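Have a look at the structure below before the remarks.
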Protein chains: 2
Amino acid sequence: MFFSIGNFSKITGLSIDTLRYYEKEKLIVPERDSHNQRRYTEKDKTWIDFILRLKETAMPIREIRKYAKLRYEGDQTMKERLEMLRLHRQSILEQKKILEDNLKHLDRKIETYEKEMLSRIK
Amino acid sequence: MFFSIGNFSKITGLSIDTLRYYEKEKLIVPERDSHNQRRYTEKDKTWIDFILRLKETAMPIREIRKYAKLRYEGDQTMKERLEMLRLHRQSILEQKKILEDNLKHLDRKIETYEKEMLSRIK
DNA sequence: ATTTGACATGGAGTAGACTCCAGCATCTAC
DNA sequence: GTAGATGCTGGAGTCTACTCCATGTCAAAT
């Protein structure tokens, strides 16, 4: 089964322009049919879902491109990719820590505000 | 005690240009001395630390400006600010959830990769 | 008295990640 | 056989958040 760029846009939620931009940046490079139109596959769907996860965890396109390059090079780059994933895992843990720290701080601030509001009513 | 923009830059870790940019965006507007030079205070330090926390939790400058405006308007805007903080708290929880979900997924992927690597050695 | 250093302003430039557009090809429906 | 939908390319434009630059003021050091 293949998807045209329009359909792939719908199932991924990415705009057609974004898909073409990602292709220009070599993140995802679909095959072309006899009329030079893009044919995205199920595999492309799996791949873009992972790309989106990398984006959600703040990986810049430059870095995703590095990973994509390895991936398109095939199995012999597995070790290198695994290394990238391990590093990225660390980055996610750090992002989580920052959020948690800020959440704690925010909760204290909200509490202070609430007390202040109460004392104002009295 | 006052800080010149140079000193304030050092203690906040923000560049002088960024501080001036934040002022243009009305995030933090320090007093001026008789020579029109900026005089940042301890309060400004506390305030910018909070701004940085908002930035770390992905609040755009546009939104921080809204909060800053309320804050500069004084105590009567407290309720509104509290409401903003509560909403922002929700946003942090959502960001955390996304990270956690992605971490779980990444961990499974790493495991798969590791198994694949092992089976390759055999 | 002049050089140096920190500060000021207004405006231009940059990086990243899209987003939009003009001009052209192809397929389908009427 | 023409209109409309969909696709293609190359390149320009947009938005956010800075970052850099030219020009100018002022005070302290030499």
Side-chain angles (χ1 to χ4, degrees), chain A residues 1-41 44 47-69 88 91 95 98, chain B residues 1-41 44-45 47-69 88 91 95 98 102:
Chain A
M1 270 297 96
F2 296 103
F3 306 102
S4 67
I5 195 165
N7 289 336
F8 201 62
S9 164
K10 267 162 210 150
I11 65 170
T12 57
L14 294 170
S15 78
I16 289 178
D17 277 315
T18 299
L19 286 169
R20 291 203 270 242
Y21 167 66
Y22 284 179
E23 182 170 345
K24 193 155 59 182
E25 293 296 326
K26 306 213 177 70
L27 303 195
I28 179 160
V29 183
E31 302 284 313
R32 300 298 180 106
D33 69 9
S34 60
H35 289 299
N36 195 36
Q37 301 198 350
R38 292 167 179 83
R39 294 165 77 77
Y40 292 92
T41 64
D44 287 325
W47 172 222
I48 203 123
D49 284 346
F50 187 59
I51 289 176
L52 293 179
R53 284 184 182 278
L54 294 178
K55 286 193 66 59
E56 277 183 346
T57 48
M59 187 183 282
I61 282 192
R62 198 176 51 259
E63 185 91 356
I64 302 180
R65 176 170 46 223
K66 237 175 72 187
Y67 186 91
K69 183 168 180 289
H88 188 56
S91 144
Q95 293 173 55
I98 288 171
Chain B
M1 272 299 97
F2 296 102
F3 306 103
S4 67
I5 194 166
N7 289 337
F8 201 62
S9 163
K10 268 162 210 150
I11 64 170
T12 57
L14 294 170
S15 78
I16 289 177
D17 276 315
T18 298
L19 287 170
R20 290 204 269 243
Y21 166 67
Y22 284 0
E23 182 170 346
K24 192 154 60 181
E25 293 296 325
K26 304 212 176 71
L27 304 195
I28 180 162
V29 184
E31 302 283 314
R32 300 298 180 105
D33 69 8
S34 60
H35 289 300
N36 195 34
Q37 301 200 350
R38 292 167 180 82
R39 294 165 78 75
Y40 292 90
T41 64
D44 287 325
K45 175 70 168 77
W47 171 222
I48 203 124
D49 284 345
F50 187 60
I51 288 175
L52 293 179
R53 285 182 181 279
L54 294 177
K55 286 191 66 57
E56 276 183 347
T57 48
M59 187 183 281
I61 283 194
R62 196 174 54 258
E63 185 91 354
I64 302 179
R65 176 171 46 221
K66 237 175 71 187
Y67 187 90
K69 182 168 181 290
H88 188 56
S91 143
Q95 292 174 55
I98 288 171
N102 281 318

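If you're wondering where the values come from, they're calculated on a predicted model, not measured in any experiment. Order of the sequence lines fixes the chain letters, A, B, ..., with proteins taken first and strands second; residue numbering starts at 1 for each chain.
Residues passing the side-chain contact (heavy atoms from CB on, under 4.5 Å) test with S4(A) are N7(A), sequence neighbours excluded. Every residue two or more places apart in sequence or in another chain that forms a side-chain hydrogen bond (donor to acceptor under 3.5 Å, both in side chains) with T57(A) is listed here: H88(A). Partners of E56(A) by side-chain hydrogen bond (donor to acceptor under 3.5 Å, both in side chains), not counting sequence neighbours, listed by chain and number: N102(B). Shown here are the side-chain hydrogen bond (donor to acceptor under 3.5 Å, both in side chains) partners of S9(A), two or more places apart in sequence or in another chain: there are none. Scanning for salt bridge (Lys or Arg N to Asp or Glu O under 4.0 Å) contacts around K69(A) gives E73(A), with sequence neighbours left out. Partners of Y22(A) according to the ring-ring contact (aromatic ring centres under 6.0 Å, His included) rule, which considers only residues two or more places apart in sequence or in another chain, do not exist here. Applying the side-chain contact (heavy atoms from CB on, under 4.5 Å) criterion to D49(B), with sequence neighbours excluded, gives K45(B). Under the side-chain hydrogen bond (donor to acceptor under 3.5 Å, both in side chains) criterion, D33(A) pairs with no residue at all, not counting sequence neighbours.
Under 4.0 angstrom from either OP1 or OP2 of dA17(D) there lies no side-chain N or O belonging to T18(B).
In this structure, F8(B) reaches neither bases nor backbone, as no heavy-atom distance under 4.0 Å exists between it and the strands shown.
The nucleotide range of DNA chain C contacted by chain A, defined by atoms under 4.0 angstrom from heavy atoms of the protein and reported 5' to 3', is dG16(C) to dC27(C).
The number of heavy atoms from other shown groups lying within 6.0 Å of CD (E31(A)) does not exceed 12.
Of the residues in residues 48-60 of chain B, those placing a heavy atom less than 4.0 Å from an atom of DNA chain D are K55(B), P60(B), in numerical order.
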Just distance, no hydrogens or angles: give the donor-acceptor pairs under 3.5 Å from side chains in residues 59-67 of chain B, sequence neighbours left out.
residue: R65(B); atom: NH1; partner: E25(B); partner atom: OE1; Å: 2.3
residue: Y67(B); atom: OH; partner: Y113(A); partner atom: OH; Å: 2.8

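Per the geometry, CD1 belonging to I61(B) stands 10 Å off P belonging to dT16(D), to the nearest Å.
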So which protein N/O to nucleotides 4-10 of chain D N/O distances come out below 3.5 Å?
residue: dG7(D); atom: OP1; partner: S4(A); partner atom: OG; Å: 2.8
residue: dG7(D); atom: OP1; partner: G6(A); partner atom: N; Å: 2.9
residue: dC8(D); atom: OP1; partner: R38(A); partner atom: N; Å: 2.8
residue: dC8(D); atom: OP1; partner: R38(A); partner atom: NH1; Å: 2.8
residue: dC8(D); atom: OP2; partner: R20(A); partner atom: NH1; Å: 2.8
residue: dC8(D); atom: OP2; partner: R38(A); partner atom: NH1; Å: 3.1
residue: dC8(D); atom: O5'; partner: R38(A); partner atom: NH1; Å: 3.3
residue: dC8(D); atom: O3'; partner: R32(A); partner atom: NH1; Å: 3.4
residue: dT9(D); atom: OP1; partner: R32(A); partner atom: NH1; Å: 3.2
residue: dT9(D); atom: OP1; partner: R32(A); partner atom: NH2; Å: 3.1
residue: dT9(D); atom: OP2; partner: R38(A); partner atom: NH1; Å: 3.2
residue: dT9(D); atom: OP2; partner: R38(A); partner atom: NH2; Å: 2.7

